[in-house]
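We number each residue from 1, following the sequence as shown. Being a predicted model, the structure only gives us computed values, none of them experimental.
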Amino acid sequence: MQECLDRSDWVVVAVLPRAGEEVIRSLRFRENHKVINVMFGESENDIRSWMNCSVEKIIHMTPGTFLATYSGPIIQCPPDNEAEEIFSHIGKMIVVNDRYHAAVLETYAGLFAPIFAVMDRVIDWAVQEECVPEKAVTEYVTNMFAAVCQEACAKNHREVHYMATVSTPGGINMQALALLQDNNAFSPWHEVLPPLLARTAAKISKEKTNRQ
């Protein structure tokens with residue numbers, strides 16, 4: 001790792017957070033190093049306190065596992081044109097000024113598994129109860145979710161809200177929406193976010209948010 005640092009201008013710190021301090025303290029950074037931190041929940045102040053010198057800049061980023069196959073969002077804080085240009089080749093850069101805001105956005109990464117669980121369960125219904133071939137159901141459901149998300153990416157919040165509340169009146173979309181609402185299916189999605197935020201922002205100050 002030291003050889004990598006010695007030969008690099010940009011350094012990506014991508015280790016498990018529990019190993020971050022040990023790894024960073026074991027390395028000799030240069031003052032002109034530019035560091036990308038992708039460790040979950042770590043603050044810039046803590047990272048700098050573990051370094052042997054004051055590096056030029058530390059940029060926080062949160063990539064997702066989906067980047068291996070899909071150009072999804074990458075959270076970046078604070079803005080930095082050079083860092084944004086480098087990583088924009090693999091994902092959609094979502095740039096925020098405040099580290100706490102980045103932590104709030106990171107909270108949504110906790111929804112990956114629940115979204116996969118929704119797909120898994122609706123696939124199971126067609127396969128197990130209606131005997132539809134598993135390959136056909138899986139391909140349709142996963143591509144349908146992907147297509148709906150792509151459609152949403154072209155809309156603003158007001159348009160997303162419209163599609164989620166009043167689209168196709170009388171159709172099966174509104175029927176499904178009503179059935180889910182009757183079973184309080186949406187409130188839990190909102191309720192899980194504060195506990196997740198308590199983890200993503202545990203070391204992050206909220207004070208700067210009100211000064212932007």
Side-chain angles (χ1 to χ4, degrees), residues 1-116 146 149 153 192-212:
M1 287 189 292
Q2 186 61 55
E3 181 182 1
C4 179
L5 262 68
D6 293 342
R7 299 174 61 181
S8 303
D9 296 319
W10 284 90
V11 179
V12 179
V13 180
V15 299
L16 293 175
R18 62 177 177 269
E21 181 175 1
E22 179 182 357
V23 170
I24 290 174
R25 288 189 183 278
S26 72
L27 298 170
R28 299 184 306 277
F29 289 83
R30 301 190 310 268
E31 291 184 354
N32 65 341
H33 266 141
K34 292 168 282 191
V35 176
I36 301 290
N37 167 53
V38 300
M39 290 187 294
F40 174 88
E42 297 296 347
S43 70
E44 179 178 342
N45 288 339
D46 282 343
I47 295 170
R48 287 189 179 278
S49 73
W50 302 334
M51 292 178 167
N52 62 296
C53 66
S54 180
V55 298
E56 180 176 333
K57 63 180 67 173
I58 296 179
I59 308 294
H60 181 77
M61 285 193 184
T62 307
T65 55
F66 44 70
L67 292 170
T69 55
Y70 172 74
S71 181
I74 302 173
I75 303 167
Q76 177 185 317
C77 176
D80 182 273
N81 291 337
E82 189 176 3
E84 186 174 351
E85 194 282 328
I86 293 171
F87 284 85
S88 64
H89 294 282
I90 62 171
K92 168 69 174 177
M93 304 305 295
I94 310 297
V95 182
V96 293
N97 292 303
D98 191 281
R99 181 64 181 85
Y100 182 80
H101 289 167
V104 173
L105 295 181
E106 287 173 332
T107 301
Y108 291 112
L111 300 182
F112 291 176
I115 290 171
F116 273 104
C149 290
C153 286
V192 302
L193 295 174
L196 300 182
L197 178 60
R199 294 183 62 183
T200 61
K203 300 181 181 179
I204 311 301
S205 172
K206 190 178 180 179
E207 294 178 358
K208 292 183 179 179
T209 302
N210 296 324
R211 297 203 298 265
Q212 288 192 50

Closest approach of Ile204 to Ala103 (non-hydrogen atoms, all atoms of both residues): CG1-CB, 4.4 Å
Minimum heavy-atom distance Pro63-Leu67, with the two atoms named: CB-CD1, 3.4 Å
Closest approach of Ala83 to Ile36 (non-hydrogen atoms, all atoms of both residues): CB-CD1, 4.1 Å
Contact check, side chains of Ile94 and Lys92, non-hydrogen atoms, under 4.5 Å: yes
Close side-chain approach of Phe87 and Met93, heavy atoms under 4.5 Å: yes
Other residues, nucleotides, ligands: >12 heavy atoms within 6.0 Å of Asn32 CG: yes
All salt bridge (charged side-chain N to carboxylate O under 4.0 Å, His left out) counterparts of Glu85, not counting sequence neighbours: none
Within 6.0 angstrom of Phe112 CZ, more than 12 heavy atoms from elsewhere: yes
Step-by-step side-chain contact (heavy atoms from CB on, under 4.5 Å) determination, Asn45 to Arg99: CA-CA 11 Å; Asn45 288 339; Arg99 181 64 181 85; over 6 Å; no
Side-chain heavy atoms of Val15 within contact of Met39, under 4.5 Å: yes
Shortest non-hydrogen contact from Leu27 toward Asn52: O-OD1, 3.6 Å
Pairing residues for Glu21 by the salt bridge (charged side-chain N to carboxylate O under 4.0 Å, His left out) criterion, not counting sequence neighbours: Arg25
Spatial distance of atom OG (Ser71) from atom CD1 (Ile90) [nearest 0.5 Å]: 8.0 Å
Glu82 vs Trp10, side-chain contact (heavy atoms from CB on, under 4.5 Å): CA-CA, chis, key distance, verdict: CA-CA 10 Å; Glu82 189 176 3; Trp10 284 90; 3.2 Å; yes
Glu44 and His60, any side-chain heavy atoms less than 4.5 Å apart: no
Heavy-atom neighbours of Phe40 CZ exceed 12 at 6.0 Å: yes
Distance in Å, Thr200 OG1 paired with Leu197 CG, rounded so as to fall on 0.5 Å steps: 4.5 Å
Approximate separation, where rounding is to 0.5 Å, of Glu31 CD and Met51 CE: 12.0 Å
Salt bridge (charged side-chain N to carboxylate O under 4.0 Å, His left out) between Asp80 and Lys57, worked out: CA-CA 10 Å; Asp80 182 273; Lys57 63 180 67 173; 2.5 Å; yes
Closest contact, heavy atoms only, Tyr100 versus Ser205: CB-O, 3.6 Å
Flag, side chain of Ser8 to backbone of Val11, donor-acceptor distance under 3.5 Å: no
Heavy-atom check, side chain of Leu105 versus side chain of His101, under 4.5 Å: no
Check ion pair Lys203-Glu42 (N to O, under 4.0 angstrom): yes
Min side-chain heavy-atom separation Val23-Trp50 under 4.5 Å: no
Donor-acceptor contact present, side-chain Arg48 to main-chain Val55, <3.5 Å: yes
Side-chain touch Glu106/Ile75, heavy atoms, less than 4.5 angstrom: yes
Sidechain N-carboxylate O distance under 4.0 Å for Arg30, Glu56: no
Check against side-chain contact (heavy atoms from CB on, under 4.5 Å), Phe29 and Ile24: CA-CA 9 Å; Phe29 289 83; Ile24 290 174; 3.8 Å; yes
Which atom of Ser26 lies closest to which atom of Gln2, heavy atoms considered: O-OE1, 4.4 Å
Sub-4.5 Å side-chain heavy-atom contact between Val38 and Val13: no
Euclidean distance, Ile58 CD1 relative to Asn37 CG, rounded to 0.5 Å: 7.5 Å
side-chain contact (heavy atoms from CB on, under 4.5 Å) between His33 and Leu5, intermediate numbers included: CA-CA 8 Å; His33 266 141; Leu5 262 68; 4.0 Å; yes
